[in-house]
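Not measured: the values here are computed from a predicted model.
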Amino acid sequence: MRNDHKKMKLYGVGVGPGDPKLLTLRAKKILDSVHTIFVPKAKDAEASCARSILSKVIKKPKKYVELVFPMTKDRKKLNLSWQTAAKKVAQTILREKSAAFVTIGDPFVYSTYIYLLEALKKGYPDIASETIPGITSFCAASCVSGIPLVKQNERLAVLPLGRDMAVIEKTLKEFDTIVLMKVGATLSKITNLLKRLKLIENSVLVSRVGHPDERIIRDIASIEDKRLGYLSVIIVRVKK
């Protein structure tokens, strides 16, 4: 590639948890400046959450390109999807010199952007990158629920909920505040664990923070609609 290709750049932009007003000034400036915006989408999702946020704040005409990332743990399928996405992004940047990839929350917190960026750096090293931070769902959940994450010398743990409740239990015994992300279908399991450890009253679940249908539930034990686990965060203050 010629030296002027060094000017090519991908912007990874965090758009926050859901409220368009939480988009940062830097993110807005970058998104206004590019022609093409890539948005992640799960294969079975009806619409991209990140794109729905942008539709309320980005008024200039844009070309939106959805990148489909399969919800699977198959490493071969994932690698193929990341490489395919990186190629599509690179082809656009070769033509336009710049493009943006948006993600809800922050680009470096449990985001597909991380793997896309790795694939892009490996396959297209002449394309530069700049990552613009976004407000994370757990920081937003802390603020709307009025529960501080840490103070003084307290320790904070952030983990994704998985099938192994033993890891969660161990962490609950070692940290002052625990943020549980990717709640999903494991809502019943974590509720039972919090009851057994007598921490259920120290916990709050915030569902779809920043969205019009945001819910703050302090009595987690009363939850009957297990679908609330989707796009939800649980904050547990071990020591009130």
Query raised in the report: Would you say the ring centroid of Tyr64 lies under 6.0 angstrom from that of Phe38?
Result: no

Query raised in the report: If we only count heavy atoms from C-beta on, is the Pro61 to His35 side-chain gap below 4.5 Å?
Result: no

Query raised in the report: Can Thr131 and Tyr113 be said to form a side chain to side chain donor-acceptor pair (under 3.5 Å), step by step?
Result: CA-CA 10 Å; Thr131 304; Tyr113 167 75; 2.7 Å; yes

Query raised in the report: Any chain of hydrophobic side-chain contacts (each under 4.5 Å) joining Ile168 to Ile220?
Result: yes

Report task. Answer yes if Val150 and Val144 sit in the same cluster of Ile, Leu, Val, Met, Phe, Trp and Tyr residues linked by side chain heavy atoms under 4.5 Å apart, and no otherwise. Result -> yes

Report task. Find out if a path of hydrophobic residues (ILVMFWY) with successive side-chain heavy-atom gaps under 4.5 Å connects Phe175 to Val236. Result -> yes

Report task. Indicate yes or no: at least one non-hydrogen side-chain atom of Ser142 is less than 4.5 angstrom from one of Ile235. Result -> yes

Query raised in the report: Do you reckon Leu156 sits in the same ILVMFWY cluster as Val167, going by side-chain contacts under 4.5 Å, direct or chained?
Result: no

**Report entry** Candidate pair Glu96 and Thr36, rule side chain to side chain donor-acceptor pair (under 3.5 Å), full reasoning
**Finding:** CA-CA 8 Å; Glu96 302 175 9; Thr36 299; 2.9 Å; yes

Query - Atom pair CG (Leu161) and NZ (Lys182), whose distance is rounded to the nearest 0.5 Å - result: 10.5 Å

Report summary line: In short, Ala221 meets Thr191 closest at the heavy-atom pair CA-CG2, 4.2 Å

Query raised in the report: Counting heavy atoms not belonging to Lys88, are there more than 12 under 6.0 Å from its NZ?
Result: no

Query raised in the report: Within the side chain of Thr84, is there an N or O that forms a donor-acceptor pair under 3.5 Å with the backbone of Ser81?
Result: no

Query raised in the report: If you measure from OH on Tyr110 to CG on Leu159, what distance do you get to the nearest 0.5 Å?
Result: 6.0 Å

Query raised in the report: Between Ala85 and Leu67, which heavy-atom pair has the shortest distance, and what is it?
Result: CB-CD1, 4.0 Å

Query - Close side-chain approach of Arg155 and Glu174, heavy atoms under 4.5 Å - result: yes

Query raised in the report: For the atom pair CG (Asp19) and CD1 (Ile53), what is the distance rounded to the nearest 0.5 Å?
Result: 8.5 Å

Query raised in the report: Does Lys56 reach the main-chain N or O of Ser52 with its side chain, forming a donor-acceptor pair under 3.5 Å?
Result: yes

Query raised in the report: With side chains defined as the heavy atoms from C-beta onward, is the minimum distance between Leu197 and Lys173 less than 4.5 Å?
Result: yes

Query - Contact check, side chains of Ile104 and Pro17, non-hydrogen atoms, under 4.5 Å - result: no

Query raised in the report: Rounded to the nearest 0.5 Å, how far does CG of Leu117 lie from NZ of Lys121?
Result: 4.5 Å

Query raised in the report: Within the distance-only criterion (no hydrogens, no angle test), does the side chain of Glu154 pair as donor or acceptor with the backbone N or O of Lys151 below 3.5 angstrom?
Result: yes

Requested in this report: With the side chain counted from C-beta on, respond yes when Ile190 and Leu193 share a heavy-atom pair under 4.5 Å apart, and no when they do not.
Outcome: yes

Report summary line: Of Ile147, Leu205, Val206, the one forming a side-chain contact (heavy atoms from CB on, under 4.5 Å) with Arg218 is Ile147

Query raised in the report: Step by step, would you call Val233 with Val209 a side chain to side chain contact (heavy atoms under 4.5 Å, CB included)?
Result: CA-CA 9 Å; Val233 173; Val209 62; 5.8 Å; no

Requested in this report: Give a yes or no answer on whether the side chain of Asp106 reaches the backbone of Thr136 with a donor-acceptor pair at less than 3.5 Å.
Outcome: no

Report task. Side-chain contact test, heavy atoms from C-beta onward, threshold under 4.5 Å: evaluate it for Ile37 versus Phe101 and give yes or no. Result -> no

**Report entry** Backbone N/O of Leu149 and side chain of Thr177: donor-acceptor pair under 3.5 Å
**Finding:** yes

Requested in this report: Give a yes or no on whether Val238 and Leu180 share a hydrophobic cluster (residues Ile, Leu, Val, Met, Phe, Trp, Tyr; joining criterion: side-chain heavy atoms under 4.5 Å apart).
Outcome: yes

**Report entry** From CA spacing to verdict: side chain to side chain contact (heavy atoms under 4.5 Å, CB included), Arg237, Ser203
**Finding:** CA-CA 6 Å; Arg237 284 285 294 174; Ser203 309; over 6 Å; no

Requested in this report: Apply side chain to side chain contact (heavy atoms under 4.5 Å, CB included) to the pair Val89 and Tyr124, showing each step before the final yes or no.
Outcome: CA-CA 10 Å; Val89 169; Tyr124 309 90; over 6 Å; no

Query raised in the report: Between the main-chain N or O of Ala128 and the side-chain N or O of Lys7, is there a donor-acceptor pair closer than 3.5 Å?
Result: no

Query raised in the report: Once you round to the nearest 0.5 Å, how far does CG of Leu199 lie from CD1 of Ile234?
Result: 12.0 Å

Query raised in the report: Does Glu66 come within less than 4.0 Å of Lys41, counting only side-chain N to carboxylate O?
Result: yes

Requested in this report: Would you give the length of the straight line joining atom NZ of Lys97 to atom CE of Met8, rounded to the nearest 0.5 angstrom?
Outcome: 6.0 Å

**Report entry** Step-by-step side chain to side chain contact (heavy atoms under 4.5 Å, CB included) determination, Val183 to Leu231
**Finding:** CA-CA 7 Å; Val183 176; Leu231 283 183; over 6 Å; no

Report task. Using the ring-ring contact (aromatic ring centres under 6.0 Å, His included) rule, take Tyr115 and Phe69 through it: C-alpha gap first, then chi angles, then the decisive distance, then the call. Result -> CA-CA 11 Å; Tyr115 308 104; Phe69 297 99; 9.1 Å; no

Report task. Tell me, with the steps shown, if Lys195 and Glu201 meet salt bridge (Lys or Arg N to Asp or Glu O under 4.0 Å). Result -> CA-CA 8 Å; Lys195 285 180 182 177; Glu201 294 183 357; over 6 Å; no

Query raised in the report: Are the side chains of Ile217 and Ile223 in touch, meaning some heavy atoms are under 4.5 Å apart?
Result: yes

